[in-house]
Amino acid sequence: MLHVAAVSAYHAASQVTREIDFDVGAGECLAVVGESGSGKTTIARCIAGLHGDYRGRVLLDRHPLAATVGSRTREQRRAIQYVFQNPYASLNPERTVGDSIALAAELLDDMRHAEAMARTQLMMETVGLHRHHLRAYPRTLSGVNVKESRSRER
C-alpha cells in the first residue's frame, strides 16, 4: 500500500535522512526505531505531506503522492493522516474537542457540521467518553479515565 523510495529529507541546508526505503503492505504495521534526532518524525511528516523538503518518492497504492498535503486529493488525505506527538501543541485550545474531531469529518467526508457532530458523539461514546466531553476543551481532558467517565453515565 505504501512505498517509500530513496527519501532524503532536509531542514534548510541540512540533510536529515539519507535515502530511506521501505514498504508497508495492506494490514501491516511498521515501527520506525532510532535515536532522538535521527529523522523518524521527519520521515513520517514527509509521508503525511507535512514536510515537503525532500527528494525521493512516496507512493500510495502505486500512485505518487504530492509532496505537500494541500496538493493531494481528498482520497489521499483521507488515507494518510497524522497523529501529532504533542496534542497540546497541535490541538486548537480555543476549539472544543467535539468541534476538533468533527472538523475532520467535515473536511474529509464533506459533511455538514451537525452530521459531523452526530458522528463524533457516536465515536466518543464507542471509546467510552461521555457526551459532555464534546463540549470540553483539550486542556481539561488531561488524565480522563474512561472507567470514571462510564460510571458518570450511569
Side-chain angles (χ1 to χ4, degrees), residues 1-127 129 131 133-142 144:
M1 288 193 70
L2 179 68
H3 177 70
V4 175
V7 171
S8 296
Y10 302 84
H11 285 291
S14 298
Q15 186 172 6
V16 179
T17 66
R18 298 185 197 308
E19 298 193 12
I20 303 298
D21 296 293
F22 61 83
D23 293 299
V24 182
E28 292 181 340
C29 180
L30 172 72
V32 179
V33 179
E35 58 190 53
S36 180
S38 64
K40 302 177 300 290
T41 298
T42 301
I43 288 296
R45 291 175 59 84
C46 290
I47 293 166
L50 300 174
H51 183 91
D53 191 8
Y54 70 89
R55 294 189 188 116
R57 298 182 339 151
V58 178
L59 288 84
L60 179 65
D61 291 329
R62 299 187 185 128
H63 296 45
L65 291 175
T68 60
V69 71
S71 300
R72 295 180 180 179
T73 67
R74 177 178 285 168
E75 290 74 27
Q76 291 171 331
R77 289 192 307 268
R78 190 180 291 132
I80 296 181
Q81 297 179 37
Y82 192 86
V83 177
F84 290 92
Q85 290 180 355
N86 180 356
Y88 299 108
S90 58
L91 293 173
N92 182 339
E94 302 304 317
R95 182 178 286 145
T96 66
V97 171
D99 284 336
S100 291
I101 296 170
L103 182 60
E106 291 173 40
L107 295 174
L108 296 174
D109 291 334
D110 209 21
M111 288 185 175
R112 292 182 334 274
H113 183 71
E115 183 182 9
M117 285 301 288
R119 179 188 279 181
T120 298
Q121 181 177 335
L122 179 63
M123 287 189 300
M124 288 182 73
E125 289 171 354
T126 300
V127 298
L129 295 173
R131 76 175 59 207
H133 290 116
L134 287 168
R135 296 180 304 278
Y137 290 90
R139 67 185 166 273
T140 66
L141 291 182
S142 178
V144 168

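Everything numeric in this text was worked out from a predicted model, so none of it was measured.
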Side chain to side chain, I43 and V32, heavy atoms closer than 4.5 Å: no
Atom of L122, atom of T126 and distance for their closest heavy-atom approach: O-OG1, 2.8 Å
Contacts of type ring pair (Phe, Tyr, Trp, His ring centres under 6.0 Å), residue H113, not counting sequence neighbours: none
Heavy-atom pair of closest approach, residues R95 and P138: O-CD, 3.5 Å
Distance-minimising heavy-atom pair for M117 and G98: SD-O, 3.5 Å
Between CG on residue L2 and CZ on residue F22, distance to nearest 0.5 Å: 5.5 Å
Spatial distance of atom CG (D99) from atom OG1 (T120) [nearest 0.5 Å]: 8.5 Å
CG on D109 to CD on E115, rounded to 0.5 Å: 8.5 Å
Atom pair CZ/CG of R74 and D110 - distance to nearest 0.5 Å: 4.5 Å
Flag side-chain contact, heavy atom, 4.5 Å: V69 against L50: yes
Which atom of T140 lies closest to which atom of A136, heavy atoms considered: OG1-CB, 3.5 Å
Contact summary for E28 and D23, nearest pair of heavy atoms: OE1-O, 4.3 Å
Contact check, side chains of E125 and R131, non-hydrogen atoms, under 4.5 Å: yes
Shortest non-hydrogen contact between A9 and T17, atoms and distance: N-OG1, 2.9 Å
R77, CZ: over 12 other non-hydrogen atoms inside 6.0 angstrom: yes
Greater than 12 external heavy atoms within 6.0 Å of R78's CZ: yes
Flag if over 12 foreign heavy atoms under 6.0 Å of CD, E19: no
Close side-chain approach of Y137 to V97, heavy-atom, < 4.5 Å: no
Separation between CD of E94 and CZ of R139, rounded to the nearest 0.5 Å: 6.0 Å
Atom CD of Q81: over 12 foreign heavy atoms under 6.0 Å: yes
Could you pull out all donor-acceptor pairs under 3.5 Å where a side-chain atom in residues 53-68 meets a protein atom, sequence neighbours excluded?
residue, atom, partner, partner atom, Å
R55, NH1, Y10, OH, 2.8
H63, ND1, D61, O, 2.7
T68, OG1, S71, OG, 3.1

